[in-house]
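No experiment lies behind these values; they were computed from the predicted model shown. So you know, we letter chains A, B, ... as the sequences are listed, proteins then strands, and number each from 1.
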Amino acid sequence: MPKAYDPRETEPRWYDVWEKSGLFRATGKPGDPRETYVVAIPPPNVTGSLHMGHACRVTFEDVLIRHKRMAGFDTLWMPGIDHAGIATQVVVERLLKAEGKTRHDLGRAKFLERVWQWKEQSGDRILMQQRKLGASCDWERTRFTMDEGYSRAVREVFVRLYEEGLMYRATRLVNWDVETRTVLSDLEVETEENVQGELFEFAYPVEGGGEVVVATTRPETMLGDTAVAVHPDDPRYTHLHGKFVTHPFAERRVPVICDGVLVDMAFGTGVVKVTPAHDPNDFATGKRHQLEELSVIGLDGKMTEACGEFAGLDRFAARKAVKARLEVLGLARGSKPHTMTLPRSQRSGTVVEPMISTQWFVKMEPLAGPAIEAVEQGRVQILPEEWTKTYYHWMRNIQDWCVSRQLWWGHEIPAWHCEDCAHINVARTAPTVCGECQSTKLVQDPDVLDTWFSSALWPFATLGWPDKTPELERYYPTSDMETGFDILFFWVARMIVMGLHIMGEVPFRRVLLAGLVTDERGEKMSKVKGNVVDPIDVLGGSTLEALLEKATAGGAKPSGLEYLKKTYPEGFAAYGADALRMTLLSYAPAQRKIALSIKRIEGYRNFANKLWNATRYALGKLENSGAVATGKRPNATALANRWVLSRLDVAIAAANLGLDEYRFDDASGALYHFVWDELCDWYLELSKPLLQSDDAALVAETRAVLVHVLETSVRALHPMMPFVTEELWSRLPKAPGHAQACIVAPYPQSGLDAVRDESAERELSELQQVIVAVRQVRSENEASPAKRLAITLEPPDAAAHTLWSAGLAGLAGAVTNSDLTLAATGTKTDAAVDTAVAVAGAYRVLVHGVVDLAKEKARLEREVTKLDKDLASIAKKLDNEGFIARAPADVVEKERARRAELIEQRTQLVAALGKLG
RNA sequence: UGGCGCGUAGCUCAGUGGUAGAGCACUACCUUGACACGGUAGGGGUCCCCGGUUCAAUCCCGGGCGCGCCAACCA
């Protein structure tokens, strides 16, 4: 067995074994008596390559699944890929652009062929990358949101909603992305804050003389102004009520209206230009006053025919031109800087243009009610709980959902427009004649559906709905939905809505929301910043040169490259999937940010190596002994053996609890600390003298405990670190009839695989205190651990004496490399000048032959200072009458006992100090 | 403007009404037969500030300051 663990060899080998042996598969058999546990993966975009966010999803979900699989559930982890409408179309259009073509050159059918072609060649890449992280999905069930069956589900839901009056077509002011030329839902619009813009003022001449000055950040929209509004109570403008102003470019009379909702008297001039066709507030105002909605910006972002001399200009060019013309006409009234927020498209980044357009909408209010109720009643639990408030807030203020998109790549809308009577025929299959006029001139709606509309059906569409499949029967509702909090509205809320409405049942029992993975400074990873850490590089390692090259290719800024050089001067070692997984798990999942640090990954790489070497040690000690892990807790009599089983029990209990309650940090932390701080630091050290004992029964017991504890620890860690644990498990000697592999071995249970033994813990902690005291003296006085020390130990009472004479004395001597003499109970040895006196709990430890008296004095003084500090804080309580009178009796008693012990310790140390002079 | 959250060691973060923790970093010593991807010992904190409740507050409550996210938004 090599001295250091190398994940590069182990990981692909075991993954292959698991997958080929069918160990990831759910049975799917209706008769299987096991309870089910189901997770539907948040499907990554087909355009995507694995990033840290995905790695986080894969890790968390794989941990959940592996834990439940080992715990005996019939587990199904449903994998898949999302067709990602806009993102994918943009990528393929970019490819075409390189060939000097647009999608319009190809036409719709040819273009879609190209997208499918592209999907075939790159679609599986991310699935392969998920495997590298150890994802134990049931791969044979992999679904794509544009599969034939899935499309049927989408169509079915659309038609049903339409039939129920919940899907409707309407002309509204919508968010328009002029770059990709499609409508966006409210959620796809992001606001850029603190943009420095200008507030431009100009005058409208009032009919019959005078003028009113209005202000705007978008001068070009004045071409579509169909009113000027003042506040009805504004005394400055009462003379304008009922008047008209003249539009300087169009031959148009524009009415002055009074509107208390739109106008804020205190802002600007108190007069507002009203452009109903291009502003949400103005749109609402227009409805209130029956104003004309004049569209002046076209879907292509250019000014429309209605704009006269400005027609055809790009919206931003038109802004300049309008301003210039107003200057010429003498109507400009200056401008001032203005801080504002800009709505931008999440996809293209372009400024979103409010436009009047006819689109398909889902009526959300009737659907939101049950979705709120389901959470209120606990049928869906959201963790961390704080998010439920956010969920309610959004659901209670819900707006109708615009679901049509002017794209080619996506689910086609199952609606056919009649060219003769304009009737809209919504149907599951293409109709041949119009249901209204029997005309055969039917044209399918050219739009596709919002990708999130199909995603909303994910938990049941993946299981075969609308067919009544056995899978659907067995695995719906799913168990946990684990995902990033950033898509709570986009996806989770909509899945709950659709699950309840279509299936009549929640889509999952729990929602587990995780934070965003950022770089170690807490900054979002972005190609431009150059701080993207590719999970695959972490697994297999990468040089700084390769990292820089990749960042450069990704378009990183020079400052980003500097950051890379500074932060990762050595590049990455091959840390392995287990190390990355443990690192991600070590952060509290609910944190808003998971600030991933490479140093931390290195720490868990070291942990994997620690576990590897603990096993290496054990295998050496077990060789040819016939000791095997039986899967049953061995009987233990020796203190160290009882103790390690007790500590293992505590760790197992914490691991199970943490895994059940979405506290992966607690679960992984408990096992990490058990393995490193207790198993390796204490038990393995104590086992060395035990295994050298002449007592054959003791040696046999210790071997049995050693192999059991290690094998159980490995099983307990498996969900988190599947690769190294599978490898070690395969090497550990096991009794016949054991499980096929660690991945399907039973998950350890508190009380079964280990058992709490409080007296063993108490007694061993005394041993630890004594050992630490000796080490402290050694470290302070005589650096060399090679020097053998002579020690006298004074036990506080007869019981302690018995314990130590029964074996602890030998252990302590062996571990501290010293000859330990156990003093008779009640002896107070008069310490010689070269003897250091240490106090370990109630024990007095005398270390003889100490050379450096000055250092020993310093050590004692430090100890006394610390005791004084502790005593002062206790005194503050015990001297307080209120504390004695009102604090619980056991708390008071505890403080008194502690004070007594500290005073005794102090007395001992002061006496020792006196000896030193 | 509203909602949610955060402020704890140099850094990244756990945590609790009664003794303040981890990982990394730091200091000293140690290549001991599992492991230098290691061991032993050690240094390091006004738990953001001000009030209140309490015998006792880092924790609960109120206010402030700073920061983040989400939602809304004045042309």
Side-chain angles (χ1 to χ4, degrees), chain A residues 1 3-5 186-187 191 199-201 214-218 221 229 262-264 266-275 279-282 338 340-341 384 386-387 389-390 392-394 397 485-486 488-489 515-516 520-522 573 575 579 583 586-588 590-600 602-621 663 665-666 669 672-673 680-681 684-685 688 772 775-780 782-786 817 859 862 869-870 873-874 876-877 880-888 891-892 894-895 898 902:
Chain A
M1 200 170 169
K3 238 173 130 170
Y5 172 60
D186 296 343
L187 284 177
T191 44
L199 198 56
F200 179 79
E201 297 191 348
V214 295
T216 180
T217 53
R218 295 192 296 159
T221 61
L262 179 70
V263 183
D264 173 1
F267 188 91
T269 58
V271 188
V272 184
K273 57 186 277 309
V274 183
T275 325
D279 181 277
N281 292 305
D282 294 6
H338 181 65
M340 55 183 194
T341 55
E386 296 90 286
W387 286 106
K389 284 186 198 167
T390 312
Y392 290 142
H393 184 257
W394 189 74
N397 296 287
F485 68 75
D486 54 322
L488 176 61
F489 305 140
L516 249 55
E520 58 202 343
R521 299 169 297 187
Y575 299 114
T583 307
S586 72
Y587 293 88
Q591 259 173 241
R592 292 289 174 115
K593 280 181 189 172
I594 294 177
L596 191 70
S597 135
I598 293 294
K599 271 294 185 192
R600 202 149 159 166
E602 191 180 310
Y604 287 105
R605 186 270 313 255
N606 297 350
F607 175 66
N609 191 54
K610 191 76 180 171
L611 189 65
W612 173 268
N613 275 290
T615 308
R616 213 158 75 94
Y617 163 78
L619 290 177
K621 298 295 180 193
R663 285 306 304 255
D665 54 332
D666 288 345
Y672 175 94
H673 285 115
C680 291
D681 285 355
L684 295 190
E685 290 310 315
K688 289 173 187 174
V772 167
R775 283 174 178 165
Q776 280 174 349
V777 171
R778 184 194 288 279
S779 173
E780 291 289 328
E782 171 60 55
S784 168
N817 186 27
R859 184 184 72 82
R862 205 176 60 226
K869 206 178 132 199
D870 290 350
S873 100
I874 294 173
K876 212 171 117 192
K877 286 179 200 168
N880 180 343
E881 282 171 33
F883 177 75
I884 306 289
R886 305 217 192 179
V891 172
V892 176
K894 223 174 107 188
E895 292 295 329
R898 187 152 177 271
L902 295 187

Point to revise | Below 4.0 Å: OP1/OP2 of B:G39 and any side-chain N or O of A:Arg778 | key: no
Review point. Within this structure, what is the CZ-to-C1' distance between A:Arg775 and B:G39, rounded to whole angstrom?
Key: 9 Å
Check your understanding: Any sub-3.5 Å donor-acceptor pair from A:His393's side-chain atoms to A:Lys389's backbone N or O?
Key -> no
Exercise for review: For B:U19, take OP1 and OP2 only and decide whether either is under 4.0 Å from a side-chain N or O of A:Lys877.
Suggested key: yes
Exercise for review: Decide, yes or no, whether a salt bridge links A:Arg898 with A:Asp870 under the criterion of side-chain N to carboxylate O below 4.0 Å.
Suggested key: yes
Review point. Looking across every strand, which nucleic acid part, if any, lies under 4.0 Å from A:Phe489 by heavy atom: base, sugar-phosphate, or nothing?
Key: sugar-phosphate
Point to revise | Gap in Å between the two C1' atoms, one belonging to B:C26 and one to B:G18, rounded | key: 32 Å
Review point. Touch check for A:Ser597, heavy atoms < 4.0 angstrom, all strands: base, sugar-phosphate only, or nothing?
Key: nothing
Review point. Quick one: A:Glu685 CD to B:G39 P, roughly how many Å, whole number?
Key: 10 Å
Practice item. Could you tell me whether the side chain of A:Asp279 and the main chain of A:Thr275 form a donor-acceptor pair under 3.5 Å? Key: no
Check your understanding: Can you tell me how far P of B:A75 sits from CG of A:Leu199, to the nearest Å?
Key -> 8 Å
Check your understanding: Counting side-chain heavy atoms from CB outward, which of B:U12, B:C37, B:G5 is closest to A:Lys389?
Key -> B:G5
**Study point:** Residue A:Lys599, side-chain heavy atoms: nucleotide from B:G43, B:A25, B:A22 that is nearest
**Key:** B:A25
**Study point:** Geometric cation-pi criterion, A:Lys688 with A:Tyr617: 6.0 Å, 45°
**Key:** yes
Exercise for review: Please report, rounded to the nearest Å, how far the C1' atom of B:C24 is from the CZ atom of A:Phe607.
Suggested key: 16 Å
Check your understanding: Between A:Leu596 and A:Thr583, is any pair of side-chain heavy atoms under 4.5 Å apart?
Key -> yes
What N/O pairs connect the protein and nucleotides 8-10 of chain B at under 3.5 Å? Give each pair on its own line.
none

Check your understanding: Which part of the nucleic acid, if any, lies within contact of A:Ile884, taking any heavy atom under 4.0 Å across all strands shown: a base, the sugar-phosphate backbone alone, or nothing?
Key -> nothing
**Study point:** Of the listed nucleotides B:C37, B:A41, B:G15, the one nearest the side chain of A:Asn609
**Key:** B:C37
Exercise for review: Could you work out the separation of B:G33 and B:A41 based on their C1' atoms and round it to a whole Å?
Suggested key: 23 Å
**Study point:** Identified pairing partner of B:C26, criterion: Watson-Crick or G-U wobble below 3.5 Å
**Key:** B:G42
Point to revise | C1' atoms of B:C73 and B:C11, separation to the nearest Å | key: 38 Å
Revision key, fill the gap. Heavy-atom nearest nucleotide on RNA chain B taken for A:Arg600 and for A:Thr269; more 5' hit belongs to A:Arg600
Review point. On a whole-Å scale, what distance lies between the P atoms belonging to B:A9 and B:G44?
Key: 15 Å
Point to revise | Spacing between A:Glu602 atom CD and B:G38 atom C1', to the nearest angstrom | key: 13 Å
Practice item. When you get a sec, tell me which of B:A22, B:U12, B:A34 is the closest nucleotide to the side chain of A:Lys621? Key: B:A34
Revision key, fill the gap. Separation of B:A72 atom P from A:Asp186 atom CG, nearest Å, is 7 Å
Practice item. Using atom OH of A:Tyr604 as one end and atom P of B:G38 as the other, report the distance to the nearest whole Å. Key: 13 Å
Review point. Which part of the nucleic acid does A:Leu262 contact within heavy-atom distance under 4.0 Å: base, sugar-phosphate only, or nothing?
Key: base
Check your understanding: Which whole number of Å gives the distance between the C1' atom of B:G68 and that of B:C35?
Key -> 42 Å
Exercise for review: Could you grab the distance from atom CZ of A:Arg859 to atom OG of A:Ser779, nearest 0.5 Å is fine?
Suggested key: 10.0 Å
Check your understanding: If every non-hydrogen atom of A:Lys273 is compared with every non-hydrogen atom of A:Asp282, which pair is closest and at what distance?
Key -> O-OD2, 3.5 Å
Point to revise | Aromatic ring proximity A:Tyr672/A:Tyr604, centre distance under 6.0 Å | key: yes
Review point. Taking OP1 and OP2 of B:G39, is either one under 4.0 Å from a side-chain nitrogen or oxygen of A:Lys610?
Key: yes
Check your understanding: Under the 3.5 Å rule, do the base of B:U19 and the side chain of A:Arg898 count as making a donor-acceptor pair?
Key -> yes
Exercise for review: Could you let me know what B:C69 is paired to, Watson-Crick or G-U wobble, both distances under 3.5 Å, or none if it's on its own?
Suggested key: B:G3
Exercise for review: Among B:C35, B:C37, B:U19, find the nucleotide with the atom closest to the side chain of A:Asn606.
Suggested key: B:C37
Review point. Is any side-chain N of the basic residue among A:Arg862 and A:Glu780 closer than 4.0 Å to the acidic one's carboxylate O?
Key: yes
Practice item. Would you indicate what A:Arg859 reaches in the nucleic acid, counting non-hydrogen atoms under 4.0 angstrom: base, sugar-phosphate, or nothing? Key: nothing
Check your understanding: For B:A56, does OP1 or OP2 lie under 4.0 Å from any side-chain N or O of A:Asn880?
Key -> no
Point to revise | Mate of B:A57 where both pairing distances stay under 3.5 Å, Watson-Crick or G-U | key: none
Review point. So what's B:A75 paired with, Watson-Crick or G-U wobble, going by both distances under 3.5 Å?
Key: none
Revision key, fill the gap. Among B:A34, B:U12, B:A41, the one nearest any side-chain atom of A:Val772 is B:A41
Point to revise | Interatomic distance where NE2 belongs to A:His393 and P belongs to B:U1 [whole Å] | key: 16 Å
Review point. Which value, in whole Å, describes the distance between the P atoms of nucleotides B:C59 and B:U16?
Key: 13 Å
Review point. Which listed nucleotide (B:U12, B:C37, B:A41) is nearest to the side chain of A:Gln776?
Key: B:A41
Study note, to complete from the structure: A:Phe485 has its side chain closest, among B:U19, B:C69, B:G18, to B:C69
Point to revise | Sugar-phosphate, base or nothing in reach of A:Asp681, heavy atoms under 4.0 Å | key: sugar-phosphate
Review point. For the side chain of A:Glu895, counting heavy atoms from C-beta on, which of B:U19, B:G18, B:A75 is nearest?
Key: B:G18
Check your understanding: Checking A:Arg616 against A:Tyr5: charged group under 6.0 Å from the ring centre and within 45 degrees of the axis?
Key -> no
**Study point:** Those residues that, when tested against A:Arg775, pass salt bridge (Lys or Arg N to Asp or Glu O under 4.0 Å) (two or more places apart)
**Key:** none
Practice item. Could you please name the option among B:A41, B:A34, B:C13 that lies closest to any side-chain atom of A:Ala595? Key: B:C13
Exercise for review: Using the P atoms only, state how far B:C49 lies from B:G42, rounded to an integer number of Å.
Suggested key: 29 Å
Check your understanding: Does A:Lys869 put a side-chain nitrogen or oxygen below 4.0 Å from OP1 or OP2 of B:U19?
Key -> no
Check your understanding: Distance between the C1' atoms of B:C13 and B:G3, in whole angstroms?
Key -> 26 Å
Exercise for review: For B:C35, take OP1 and OP2 only and decide whether either is under 4.0 Å from a side-chain N or O of A:Arg616.
Suggested key: yes
Exercise for review: For B:G17, give its Watson-Crick or G-U wobble partner with both distances under 3.5 Å, or none.
Suggested key: none
